[in-house]
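Residue numbers start at 1 and run along the sequence shown. Keep in mind that what you see is a predicted model, and the values were worked out from it rather than measured.
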Amino acid sequence: MPRDVENWPELHRFVTELEDIAPNAERALFYREENSHRGIARFSSLRKLKANMVNQAFFEEICELGNLEYLSIETVTAENLASLKKLHGLRVLQIDGLRRATDFHLLAELSGLTGLYVVNAKHLQSLDFLSNAHHLQRIGIEGSMWTKQKIDSLAPLRGLKALESLFMTSVQLTDKDLSYLAECPQLLELHCARFAPKANFERLRRLMPGLQCRWNDEYEI
């Protein structure tokens, strides 16, 4: 299953001026330069948005786009994420480079989401905020090419009812027990770092013989 990554062939680059977004556009790529984002909230037709250099002011305007279904934001210095609750139609949320936010619970409380992806979040170590996210079908918690995301444990994911796909590349686990995932009844695939001993992946294979995971079958590189 995909990571909900979308490419829009009609959009060739991130624009920095609102004048470069068509008034009735449903999709946009926008890169903020200083205050160039001011007024983006008026583009009420937008259903899908990829935005870069998202400070708090830009974030607040994005959250006024009530028709958004798909939101991907990168290099995010916004600290307060509470306004996301305004986006009742949001189905996929991707956040890459979350530098200041320390409270992630709201992300899992967006009940309309089916896919949530958090990449390279500076203050994220615990997955506790996901413990009741029974609506999420796809979850990605990942580090960057240069920095591993240090995560305490997979225990908070146990029992998630809808989870089908879990993406955890470039992750370092403290608690290396993988068996918590066996309590996720719909889990089909695990794309992850080789973040636990071979015996732990073998145990996961015994518990979940149908799970697609590279390290269950080919641990040695």
Side-chain angles (χ1 to χ4, degrees), residues 1-7 47-48 68-73 81 84-85 87-96 98 103-121 124-143 148-219:
M1 293 184 182
R3 297 174 186 237
D4 291 300
V5 175
E6 295 193 10
N7 295 305
R47 295 188 302 107
K48 300 185 178 186
L68 281 183
E69 301 169 4
Y70 180 103
L71 175 60
S72 177
I73 53 179
L81 307 179
L84 281 170
K85 63 187 177 183
L87 300 177
H88 301 293
L90 200 61
R91 297 294 175 262
V92 174
L93 174 61
Q94 302 177 348
I95 306 179
D96 188 341
L98 193 55
D103 187 352
F104 305 96
H105 285 85
L106 177 87
L107 301 181
E109 294 171 2
L110 302 172
S111 59
L113 285 185
T114 56
L116 172 64
Y117 305 86
V118 182
V119 178
N120 195 22
L124 176 59
Q125 289 88 37
S126 170
L127 300 183
D128 286 349
F129 73 102
L130 293 169
S131 61
N132 290 308
H134 295 291
H135 55 289
L136 289 175
Q137 298 173 16
R138 299 171 301 282
I139 295 174
I141 304 293
E142 303 185 283
K148 289 187 176 181
Q149 192 75 44
K150 296 180 180 179
I151 297 297
D152 296 338
S153 175
L154 300 180
L157 303 182
R158 67 200 309 173
L160 290 186
K161 297 176 182 178
L163 183 62
E164 298 176 358
S165 304
L166 179 61
F167 303 92
M168 299 193 74
T169 60
S170 193
V171 168
Q172 179 178 320
L173 277 181
T174 302
D175 174 4
K176 300 184 183 301
D177 188 348
L178 308 181
S179 63
Y180 307 115
L181 298 180
E183 299 181 40
C184 299
Q186 304 299 324
L187 188 61
L188 300 174
E189 57 180 346
L190 170 62
H191 300 272
C192 65
R194 195 171 56 164
F195 51 22
K198 182 178 181 180
N200 296 40
F201 281 100
E202 290 175 340
R203 183 185 181 201
L204 185 61
R205 167 62 78 205
R206 292 192 296 271
L207 293 170
M208 305 185 74
L211 180 69
Q212 299 177 34
C213 177
R214 173 186 178 184
W215 307 117
N216 282 354
D217 301 312
E218 301 175 4
Y219 190 79

May I have the step-by-step check of side chain to side chain contact (heavy atoms under 4.5 Å, CB included) for Asp96 and Asn120, ending in yes or no? CA-CA 6 Å; Asp96 188 341; Asn120 195 22; 4.1 Å; yes
List the steps and the verdict of side chain to side chain contact (heavy atoms under 4.5 Å, CB included) for Arg203 and Asp177. CA-CA 9 Å; Arg203 183 185 181 201; Asp177 188 348; 3.9 Å; yes
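When every heavy atom of Cys184 is checked against every heavy atom of Gly159, the shortest pair comes out as SG-N, 3.9 Å. Taking all atoms of both residues into account, the shortest heavy-atom contact from Leu204 to Leu190 is CD2-CD2, 4.0 Å. Between Ile73 and Leu71, the shortest heavy-atom contact is CG2-CD1, 3.6 Å. Between Ser179 and Leu207, the closest heavy-atom pair is CB-CD1, 3.6 Å. Minimum interatomic distance between Gly143 and Val171 (heavy atoms only, all atoms of both residues): N-CG2, 4.4 Å. Closest heavy-atom contact between Ser165 and Leu163: O-CD1, 3.3 Å.
Distance alone, capped at 3.5 Å, places no donor-acceptor pair between the Gln149 side chain and the Val119 backbone. No donor-acceptor pair under 3.5 Å is formed between the side chain of Tyr117 and the backbone N or O of Ser72. In this structure, the side chain of Asn200 engages the main chain of Lys176 through a donor-acceptor pair within 3.5 Å. When atom types are taken as modelled, the side chain of Arg205 and the backbone of Leu211 share a donor-acceptor pair closer than 3.5 angstrom. Using modelled atom types, no side-chain atom of Gln186 and backbone atom of Gln137 make a donor-acceptor pair closer than 3.5 Å.
Interatomic distance, Leu130 CG to Arg158 CZ, rounded to the nearest 0.5 Å: 15.0 Å. Atom CG in Asp152 sits 11.0 Å away from atom CD in Gln172 (nearest 0.5 Å). Note that the CG atom of Leu181 and the CE atom of Met168 stand 8.5 Å from one another [nearest 0.5 Å]. Atom CE of residue Met208 and atom CD of residue Glu183 lie 10.0 Å apart, to the nearest 0.5 angstrom. Of the inter-residue distances, the one linking Leu173 atom CG with Cys192 atom SG reads 8.5 Å to the nearest 0.5 angstrom.
Ring geometry for Phe129 versus Phe104: interplanar angle of 30 to 60°, hence tilted. Ring-plane geometry between Phe167 and His191 is classed as parallel, the angle between the planes falling under 30 degrees on a 0 to 90 degree scale with a further cut at 60.
Leu107 is listed as a side-chain neighbour of Ile95, based on a closest heavy-atom distance under 4.5 Å. Contact of the Leu187 side chain with the Leu157 side chain is not registered, since no non-hydrogen atoms from C-beta on lie closer than 4.5 Å. In this structure the side chain of Leu81 never reaches within 4.5 angstrom of the side chain of Asp103, judged on heavy atoms. Residues Leu84 and Leu106 have side chains in contact (heavy-atom distance under 4.5 Å, counting atoms from C-beta outward).
Other residues, nucleotides and ligands place no more than 12 heavy atoms under 6.0 Å from the NZ atom of Lys161.
A donor-acceptor pair shorter than 3.5 Å cannot be found between the side chains of Ser170 and Glu142.
Considering Leu160, Leu127, Leu154 in turn, Leu154 is the only one that fulfils the side-chain contact (heavy atoms from CB on, under 4.5 Å) rule with Tyr180.
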Would you mind writing out the side-chain donor-acceptor pairs for residues 109-116 within the sub-3.5 Å range, not counting sequence neighbours?
unit_1, atom_1, unit_2, atom_2, d
Thr114, OG1, Arg91, O, 3.3
Thr114, OG1, Arg138, NH2, 3.0

